[in-house]
Number of protein chains: 2
Amino acid sequence: MTRPIPDPRHTLTLRDVSEASGVSEMTVSRVLRNRGDVSAPTRARVLEAARALGYVPNKIAGALASQRVNLVGVVIPSLSNMVFPEVMTGISSTLDGTGLQPVVGVTNYLPDREESVIYEMLSWRPSGMIIAGLEHTDAARAMLGRAGIPIVEIMDIDGTPINHAVGISHRRAGRQMAEAIIAAGYRRIAFLGTQMPNDFRAKKRLEGFEEALAKAGLSLVDREYYSGGSALLKGREMTAAVLTRTRDIDFLYYSNDMIGAGGLLYCLAQGLDVPGRIGLAGFNGVELLDGLPAKLATMDACRLEIGQTAARIIAEAPGQAQVVELFPTLQAGDTIRP
Amino acid sequence: MTRPIPDPRHTLTLRDVSEASGVSEMTVSRVLRNRGDVSAPTRARVLEAARALGYVPNKIAGALASQRVNLVGVVIPSLSNMVFPEVMTGISSTLDGTGLQPVVGVTNYLPDREESVIYEMLSWRPSGMIIAGLEHTDAARAMLGRAGIPIVEIMDIDGTPINHAVGISHRRAGRQMAEAIIAAGYRRIAFLGTQMPNDFRAKKRLEGFEEALAKAGLSLVDREYYSGGSALLKGREMTAAVLTRTRDIDFLYYSNDMIGAGGLLYCLAQGLDVPGRIGLAGFNGVELLDGLPAKLATMDACRLEIGQTAARIIAEAPGQAQVVELFPTLQAGDTIRP
DNA sequence: CAGGCGGCTGTTAGCGCTAGCATTAGCAGA
DNA sequence: TCTGCTAATGCTAGCGCTAACAGCCGCCTG
């Protein structure tokens with residue numbers, strides 16, 4: 001039983017499989033894609049030949065010929081902050097079994113970078129695009145609008161989508177948190193967040209937050225921004241700075257759970273009465289942080305569901321543009337007094 | 001809240017740009033790829049036409065014609081554990097400016113899933129592949145070996161690579177940690193880790209660890225595995241379980257920093273004397289965790305450098321297969337007594 | 001003034017695959 | 001016998017782009 005040794009110099013094509021199995025290229029193509037009628041014996045012969053040769057189809061040629069690409073572009077700002085991996089999980093699980101495959105691009109919160117990632121992705125003619133946020137460069141919006149494929153903007157719905165949007169209202173989320181804090185009787189409230197000119201969602205949360213404060217006749221008594229470094233550590237440092245600088249602060253509102261956790265650890269280490277003397281809250285519902293000495297008040301951002309819904313919209317390719325608003329739930333945890 | 005999706009009009013091709021600018025398709029192609037000699041006025045005219053039309057090149061056709069694809073497949077087990085995002089950062093930053101682009105595939109530590117992700121990626125004929133780990137299905141190894149592109153297996157070097165490998169010796173890392181622990185005088189040592197039959201690197205670390213213990217006439221006094229859930233919380237729970245079950249444990253070795261941090265928080269909350277009465281160590285050097293009340297002993301896994309080196313190997317496409325061993329440094333932190 | 005050369009642009013021939021017929025064999029019904 | 005059908009397979013013509021080469025022009029060189 002001898003078989004020809006595959007020549008590593010020559011990359012295999014349908015023709016090789018067709019010659020090895022004695023049928024036309026077209027029939028091989030049909031077998032490998034499970035399309036059309038092929039008799040059982042022929043199918044078996046072709047599959048065996050393909051397996052023996054180690055043939056891997058060339059999707060580039062296939063896509064060009066069929067004008068069909070089973071890829072969905074996913075454009076997100078970062079992979080390292082716990083929120084987007086969960087969105088990805090939702091996307092992947094929903095796409096599984098539809099024949100579509102996600103392809104990720106990361107922008108690092110840079111609009112120009114986003115534009116070029118989008119351009120690059122569109123040049124592969126994907127079946128759809130999922131993009132975080134509603135804010136893009138004009139050129140990016142134009143490209144997406146013209147692409148002729150479903151575009152789903154995720155995370156945020158406070159704005160005008162290109163066609164579909166799935167997310168929460170961050171403005172409302174900020175407002176809700178402020179209302180809960182005020183209702184709990186806190187009055188001297190400080191904000192601690194990331195210095196990210198392009199994190200529009202964090203910005204909108206803060207806007208909503210301040211709006212609700214204003215309605216109650218309050219305003220932030222202090223604010224502090226950071227960038228870079230370990231979030232946990234930064235949360236600790238910023239908290240120390242704010243508490244030292246401004247007296248009688250009774251609430252710390254953080255733009256994300258990670259720095260909130262750092263702040264919480266600091267307050268506990270200082271022996272401060274949480275949530276009696278001082279309350280804390282973050283944003284995002286990071287499961288990772290369960291296991292801290294106390295549970296930080298937070299609001300989950302429906303990340304998994306956002307991913308699933310966005311993927312479903314692409315997979316079902318609806319003609320009508322739609323906006324899906326999800327509603328985060330406030331989790332008071334142990335750091336807002338009841 | 002419904003708007004029609006803009007009609008997928010005629011998708012633009014080179015021909016459209018060529019007609020709009022009054023030159024041949026070839027010249028347009030040259031301009032858009034910055035290749036060959038094109039006079040300045042022609043170039044300007046073409047660029048303007050392309051911009052005005054909003055032309056996005058079709059890389060599928062381009063790749064088929066040129067037999068060149070500027071993609072590098074990256075296959076990793078997970079995005080949600082802090083280690084691979086950092087590898088990705090290294091890869092992206094090194095690939096930036098080479099014209100190559102990473103494309104990520106996630107396997108969830110499932111060998112069959114890995115095989116299909118690899119198959120799928122190879123079918124796009126990438127310029128190279130970067131794959132976590134040295135353990136793959138036979139079929140996956142065969143495909144990769146035949147693909148005729150550089151393959152870099154990362155993270156681990158304890159095994160036989162397909163052609164290139166960049167990583168650390170996890171067996172040695174486990175051994176080193178054990179030696180440090182023994183040298184510090186700890187004797188009743190327990191292991192706490194993930195229940196992951198396919199996390200070969202964690203397995204190798206444990207093997208190396210036990211090997212070094214054995215050489216000192218010691219063996220683990222207890223071990224505990226978990227799967228799923230919040231790592232921090234699991235670390236806390238497992239630690240409680242182990243310390244309750246087995247008496248006089250004086251060291252806890254964790255398979256990763258996250259559960260180690262949970263254990264550390266638990267020990268501190270219990271008022272245990274760390275590192276006097278009990279020591280702890282993890283693995284990975286997660287910057288995220290700086291900011292905990294005490295710094296967990298750990299070993300960084302050179303993730304950034306691994307990513308950079310792997311990307312450099314692909315970009316420079318060397319003929320010779322090479323294995324690059326990196327050497328992690330032990331960070332004693334505050335949880336091993338000096 | 002032939003010959004050549006460099007700068008610029010166009011022409012030709014695919015890349016490997018698949019849509020959309022066309023073709024064949026085999027067989028049933030009239 | 002012939003037609004009409006179905007199931008299985010093959011053929012042809014691209015998909016949109018680029019490699020490779022073939023012009024063309026003006027300008028120099030000897």
Side-chain angles (χ1 to χ4, degrees), chain A residues 9-47 49-50 53 55-71 99 120 122-127 147-148, chain B residues 8-47 49-50 53-71 99 120 122-127 147-148:
Chain A
R9 279 161 300 179
H10 172 238
T11 33
L12 297 167
T13 72
L14 270 190
R15 153 152 259 100
D16 296 291
V17 183
S18 101
E19 279 168 3
S21 53
V23 298
S24 71
E25 299 178 34
M26 199 56 233
T27 301
V28 175
S29 170
R30 278 195 271 258
V31 169
L32 296 179
R33 287 178 300 144
N34 280 308
R35 193 145 310 191
D37 302 305
V38 181
S39 71
T42 306
R43 151 172 266 99
R45 213 142 35 91
V46 169
L47 286 176
L53 292 172
Y55 173 69
V56 177
N58 185 331
K59 288 222 177 178
I60 296 176
L64 184 62
S66 67
Q67 304 284 60
R68 213 174 291 123
V69 179
N70 67 336
L71 262 24
E120 201 70 20
L122 286 179
S123 76
W124 288 100
R125 301 291 187 267
S127 296
Chain B
R9 336 159 195 180
H10 164 67
T11 30
L12 298 168
T13 71
L14 269 190
R15 152 152 260 102
D16 297 290
V17 183
S18 99
E19 279 168 5
S21 53
V23 298
S24 71
E25 299 178 32
M26 197 57 231
T27 301
V28 176
S29 169
R30 279 195 270 254
V31 169
L32 296 179
R33 287 177 300 143
N34 281 307
R35 192 144 312 190
D37 303 304
V38 180
S39 71
T42 306
R43 149 172 267 100
R45 213 142 35 90
V46 168
L47 286 176
L53 293 172
Y55 174 69
V56 177
N58 184 331
K59 288 223 177 177
I60 295 176
L64 184 62
S66 67
Q67 304 284 59
R68 214 174 290 122
V69 179
N70 66 338
L71 263 24
E120 202 69 20
L122 286 180
S123 76
W124 288 101
R125 302 288 186 265
S127 296

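We name chains A, B, ... by the order of the sequence lines, and we start the count at 1 in each one.
- Atom-to-atom, CG of Asp37(A) to C1' of dA8(D) comes out at 7 Å; the value is rounded to the nearest Å.
- Residue Ser66(A) places no side-chain N or O under 4.0 Å from the OP1 or OP2 atom of dC15(D).
- Closest approach to the Arg33(B) side chain among dA19(D), dC15(D), dG14(C) is made by dA19(D) (side chain taken as heavy atoms from C-beta onward).
- One interatomic measurement links the two molecules: CZ of Arg15(B) to C1' of dT18(D), which rounds to 15 Å at whole-angstrom precision.
- Across all strands, Arg30(A) comes closer than 4.0 Å to base atoms (heavy-atom distances).
- In this structure, Glu25(B) places its CD atom 15 Å from P of dA13(C), rounding to the nearest Å.
- The shortest side-chain heavy-atom distance between Val28(B) and Glu25(B) does not fall under the 4.5 Å cut-off.
- Using a 4.0 Å cut-off, some side-chain N or O of Ser24(A) falls inside it from OP1 or OP2 of dG10(D).
- One can place CG of Leu14(B) at 15 Å from P of dT11(C), the figure rounded to the nearest angstrom.
- Looking only at side-chain heavy atoms (C-beta outward), Val69(B) and Trp124(A) come within less than 4.5 Å of each other.
- For Ser29(B) and dT18(D), the shortest distance from a side-chain N or O to OP1 or OP2 is below 4.0 Å.
- Leu12(A) approaches Arg125(B) most closely through the heavy-atom pair O-NH2, 4.0 Å.
- Between Gln67(A) and dC17(C) there is no side-chain N or O to OP1 or OP2 distance below 4.0 Å.
- Between the CG atom of Asp16(A) and the C1' atom of dG16(C) there is a distance of 11 Å, rounded to whole Å.
- Relative to the side chain of Ala65(A), the nucleotides dG16(D), dC15(D), dG10(D) differ in distance, and dC15(D) lies closest.
- Following rounding to the nearest Å, Leu32(A) (CG) and dC17(C) (P) show an atom-to-atom distance of 9 Å.
- Closest to the side chain of Met26(A), out of dC11(D), dA8(D), dC8(C), is dC11(D).
- Between Leu53(A) and Glu19(A), every side-chain heavy-atom pair lies at or beyond the 4.5 Å cut-off.
- At whole-Å resolution of the value, CZ in Arg68(A) and P in dT18(C) are 10 Å apart.
- At the phosphate of dT9(D), OP1 or OP2 sits under 4.0 Å from a side-chain N or O atom of Ser39(A).
- Side-chain N/O atoms of Thr42(A) include one lying less than 4.0 angstrom from OP1 or OP2 on dT9(D).
- For the pair Leu64(B) CG and dC17(D) C1', the interatomic distance rounds to 8 Å; values are reported in whole Å.
- Here the side chains of Val31(A) and Leu47(A) are in contact, with some heavy-atom distance below 4.5 Å.
- Distances shown here put every side-chain N or O of Arg45(A) at or beyond 4.0 Å from the OP1 or OP2 atom of dA8(D).
- Between Arg35(A) and the phosphate of dT18(C), there is no side-chain N or O to OP1/OP2 separation shorter than 4.0 Å.
- The environment of Arg33(A) atom CZ is dense: over 12 non-hydrogen atoms of other residues, nucleotides or ligands sit within 6.0 angstrom.
- Not a single donor-acceptor contact under 3.5 angstrom links the side-chain atoms of Arg125(B) to the base of dG16(C).
- The nucleotide whose nearest atom lies closest to any side-chain atom of Val38(B) is, among dG10(C), dT9(C), dG16(D), dT9(C).
- Of the candidates dT11(C), dC17(D), dC15(D), dC17(D) carries the atom nearest the Asn58(B) side chain, counting heavy atoms from C-beta on.
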